[in-house]
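Here the structure is laid out as structure tokens; the discussion comes afterwards.
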Amino acid sequence: MEIQTKIQQAFAQAFQAVYQAEPELKQISVQKTRKEFTGDFTVNVFPFLRLSKLKPEETATQIGEWLVANEADIVAFEVVKGFLNLTLSDAYWSNLITEAFNNANYGKGEPTDKTVLVEYSSPNTNKPLHLGHLRNIFLGYSVAEILKANGHTVVKTQIINDRGIHICKSMLAWQRFGNGETPESSGIKGDHLVGKYYVIFDKEYKKQIAELVEQGKTKEEAEKEAPILLEAQEMLRKWEAKDPEVTQLWETMNSWVYAGFDSTYTQMGVDFDQLYYESDTYLLGKKVVEEGLEKGIFYKKEDGSVWIDLTEDGLDEKLLLRKDGTAVYMTQDIGTAILRSQDFPSMSQMIYTVGNEQDYHFKVLFLILSKLGYEWAKECYHLSYGMVELPEGKMKSREGTVVDADDLMSQMVEAARSEAQEHGSFDDMSEEQADDLSDMIGMAALKYFLLKVDPKKKMLFDPKESIDLNGNTGPFIQYAHARICSIRNRAENFKPVSEMPENAGEKERELVKLIGEYPQAVKDAGAQFSPATLSNYTYELVKAYNSFYQSVPIFKAETENEVNWRVQLSTVTGKIIESAMLLLGIRVPEKM
RNA sequence: GCGCUCAUAGCUCAACUGGAUAGAGCACCGCCCUUCUAAGGCGGGGGUUCGGGGUUCGACUCCCUGUGGGCGUACCA
């Protein structure tokens with residue numbers, strides 16, 4: 001049990017004993033005592049004055065006296081206005097450090113019976129991944145790891161949008177302008193090659209529109225009638241009819257893209273347990289919509305299109321099948337969700353990591369699923385994150401301001417490499433070690449930069465700032481870890497200490513407190529689906545450690561016991577840094 | 001138009017979900033390497049928390065309102 005919860009209960013007990021009244025547990029807020037005051041934890045008595053019928057100071061004092069008399073771990077208290085500041089015993093802190101030192105799973109929750117499916121990538125197969133995908137994927141991966149750390153069983157998944165008009169556009173352009181170019185013949189990564197033809201299609205399409213407009217068509221007419229677009233639509237119909245030639249081309253080009261994605265995912269350091277392809281799920285979606293139509297949940301318009309009326313729920317009418325009977329985005333998503341629930345019958349929650357531009361879409365999706373009678377619909381959760389913006393504004397693929405994921409990652413790694421080179425980190429390293437270290441640092445800078453911001457909020461990506469390795473950054477945290485490893489290596493005669501030295505100073509005590517907060521930090525990050533809260537915690541921990549490291553000599557401590565204690569504190573801090581960073585998907589080096 | 005959402009130091013972000021004098025990083029200024037990794041530490045300046053009302057013992061946080069951004073409102077995904 002977390003110490004906060006214990007204090008909460010003790011406080012309630014005290015209230016019962018002193019005033020014969022029961023405060024609501026939720027109302028008892030236990031927080032860290034601010035630096036300006038003495039104490040470890042603070043309880044606010046304001047909400048309970050109507051129960052005690054006394055002034056804030058009197059209430060706090062009486063409760064404080066009871067707690068010191070009856071709770072072994074609480075040894076002193078101090079009252080400032082309505083704030084009751086409690087001081088815990090050294091024995092309590094000593095036990096905590098011993099536990100953190102001995103328990104390999106310190107901070108992680110007990111196994112639960114919950115199975116959570118986390119979707120954290122949903123790429124289209126017509127172009128490479130970009131910066132927006134990076135935030136999406138790092139976020140979802142980290143949330144999945146955090147949920148695991150909270151004891152849940154997690155299934156990581158992606159939905160691959162492999163069918164539709166977009167991929168036909170690339171296919172058509174390749175067929176017409178490609179001259180048989182392949183990733184092998186050109187040396188271009190598969191997803192980038194296919195993306196290149198998507199751009200070529202768009203150029204040709206625009207050219208044809210311009211020509212048609214010149215011939216006297218309106219812009220709208222031209223956009224609908226451009227021959228190359230009609231051909232792409234024809235290709236989609238052929239695909240749906242399983243035309244052998246089109247199918248073959250589709251398979252070939254998708255396979256190029258998957259090879260490209262695989263290498264991007266590898267560089268990102270992420271993995272998946274289960275893949276879903278829309279080409280496999282859209283038919284189930286269509287079937288379910290037909291069934292819903294029979295049940296009267298949906299209705300058909302005269303032109304044959306199928307809709308659902310959500311106006312009574314405060315939403316709009318939504319299309320589910322086009323008049324030609326083909327599926328739309330919503331249709332496929334219904335199919336995918338149902339398929340997943342069938343594949344994982346024990347699933348207790350389904351999380352979709354998707355940008356907040358789709359908030360409305362998921363509201364509608366979950367509502368439809370629940371109208372279709374699926375109980376698990378209420379356990380669906382849209383992990384909605386804010387868009388990534390650049391200093392010059394939004395990323396726009398048409399204007400070429402998209403930041404490519406592969407390019408960005410290699411730039412980060414190269415920046416890290418030259419910095420490490422300058423720093424002399426490679427001096428005793430092999431080439432592979434140097435490569436690995438560069439990768440570790442560059443990726444840490446990027447991941448931490450994207451994860452430290454509250455996922456819900458939109459964020460600004462300034463390339464200059466992201467590449468910075470000082471201050472509140474991933475490499476800053478890695479550096480602390482490397483220093484700790486170096487201390488640990490030096491401490492040959494280290495023996496764990498079971499009691500905190502009586503003369504332990506402020507810096508040490510501050511560090512001890514933060515170490516004690518790790519389990520709660522993991523819990524909070526899981527409850528809020530927020531790697532950012534965990535980043536902030538780790539940053540606080542590292543700052544406290546650096547401050548300690550700077551002002552408290554470790555190997556020149558007065559007694560051997562103190563040396564051991566300080567090495568032990570360092571070791572525990574290092575373990576937490578590593579553990580927390582892994583939950584963010586960030587590796588930590590032993591030297592840098 | 002309607003719906004959702006955001007606004008905190010020059011810039012980028014925090015603030016334990018309603019609690020004490022709103023904190024960090026970057027940038028700027030000044031110190032600290034014969035103590036263990038200076039990718040570090042210590043100190044300084046910098047705020048009407050977008051404006052205006054309200055609720056509360058207490059508001060960056062909740063409610064109303066105004067202003068200004070973003071997103072959605074597709075037979076796109």
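Lettering of chains follows the sequences in order, A, B, ..., and the numbering in each one begins at 1. Heavy atoms only: backbone and side chains are in, while hydrogens, waters and symmetry mates are out.
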E540(A) versus N536(A), side-chain donor and acceptor atoms under 3.5 Å: no
Rounded P spacing from A20(B) to C60(B) in Å: 9 Å
Classify the ring geometry between Y329(A) and H361(A) as parallel (under 30°), tilted (30 to 60°) or perpendicular (over 60°). parallel
For the residue pair N85(A) / T42(A), report whether a side-chain donor-acceptor contact shorter than 3.5 Å exists. yes
Atom P, compared across C29(B) and U67(B): separation rounded to whole Å: 42 Å
Considering only nitrogen or oxygen atoms on both sides, find all protein atoms under 3.5 Å from nucleotides 21-24 of chain B and state each distance.
from   : atom 1 : to      : atom 2 : distance (Å)
G23(B) : OP1    : R34(A)  : NH2    : 3.4
A24(B) : O2'    : Y539(A) : OH     : 2.8

Centroid-to-centroid, F201(A) to Y198(A), below 6.0 Å? no
Taking only N/O atoms, report every protein-nucleotides 61-63 of chain B pair under 3.5 Å with atom names and distance.
none

Write down the distance separating the C1' atoms in G53(B) and G46(B), rounded off to the nearest Å. 30 Å
Is the W239(A) ring parallel, tilted or perpendicular to the W250(A) ring (thresholds 30°, 60°)? perpendicular
Could you check whether S142(A) and Y120(A), counting side-chain N and O atoms only, form a donor-acceptor pair closer than 3.5 Å? no
Name the nucleic acid region contacted by F83(A), choosing base, sugar-phosphate or nothing; use a 4.0 angstrom heavy-atom cut-off, strictly under. base
Check whether the side chains of T559(A) and N561(A) place a donor and an acceptor atom closer than 3.5 Å, and report yes or no. no
Classify the ring geometry between F449(A) and F461(A) as parallel (under 30°), tilted (30 to 60°) or perpendicular (over 60°). perpendicular
Atom NZ of K224(A) and atom C1' of C75(B): how far apart are they, to the nearest Å? 10 Å
What is the nucleic acid contact for P123(A), judged by heavy atoms within less than 4.0 Å: base, sugar-phosphate only, or nothing? nothing
Under the 3.5 Å rule, do the base of A39(B) and the side chain of S425(A) count as making a donor-acceptor pair? yes
Scan S486(A) against the nucleic acid and name what it touches under 4.0 Å (heavy atoms): base, sugar-phosphate only, or nothing. base
Base, sugar-phosphate alone, or nothing: which one does Q478(A) contact when heavy atoms must sit under 4.0 Å apart? nothing
Between R135(A) and Y385(A), is NZ or CZ placed under 6.0 angstrom from the six-membered ring centre and within 45° of the ring axis? no
Check this for me: does the side-chain of T42(A) come within 3.5 Å of the base of A20(B) through a donor and an acceptor? yes
Pairwise 5' ranking along RNA chain B for D468(A) and E389(A), keeping only the more 5' one: D468(A)
Just to be sure I understand the rule, does E317(A) reach a base, reach only the sugar-phosphate, or reach nothing, if contact means heavy atoms closer than 4.0 Å? nothing
Across the strands shown, which category fits F476(A) at heavy-atom distances under 4.0 angstrom: base, sugar-phosphate, nothing? sugar-phosphate
Checking U17(B), C75(B), A14(B) against the side chain of K323(A) (C-beta onward), the nearest is C75(B)
For RNA chain B, whose closest nucleotide is more 5', that of N44(A) or that of A532(A)? A532(A)
Taking the ring of F37(A) and the ring of F83(A), is the distance between their centroids below 6.0 Å? no
Of the nucleotides C4(B), U37(B), G70(B), which one has an atom closest to the side chain of A482(A)? U37(B)
When you get a sec, tell me which of C32(B), A77(B), A39(B) is the closest nucleotide to the side chain of L469(A)? A39(B)
Please produce a list of atom pairs where a protein N or O lies less than 3.5 Å from an N or O of nucleotides 9-11 of chain B.
none

Using whole Å, report how far NE2 of H166(A) lies from P of C76(B). 13 Å
Looking only at side-chain atoms of K363(A), point me to the closest of C75(B), A14(B), C4(B). C4(B)
So what does I165(A) hit on the nucleic acid, given a heavy-atom distance under 4.0 Å: a base, only sugar-phosphate, or nothing? nothing
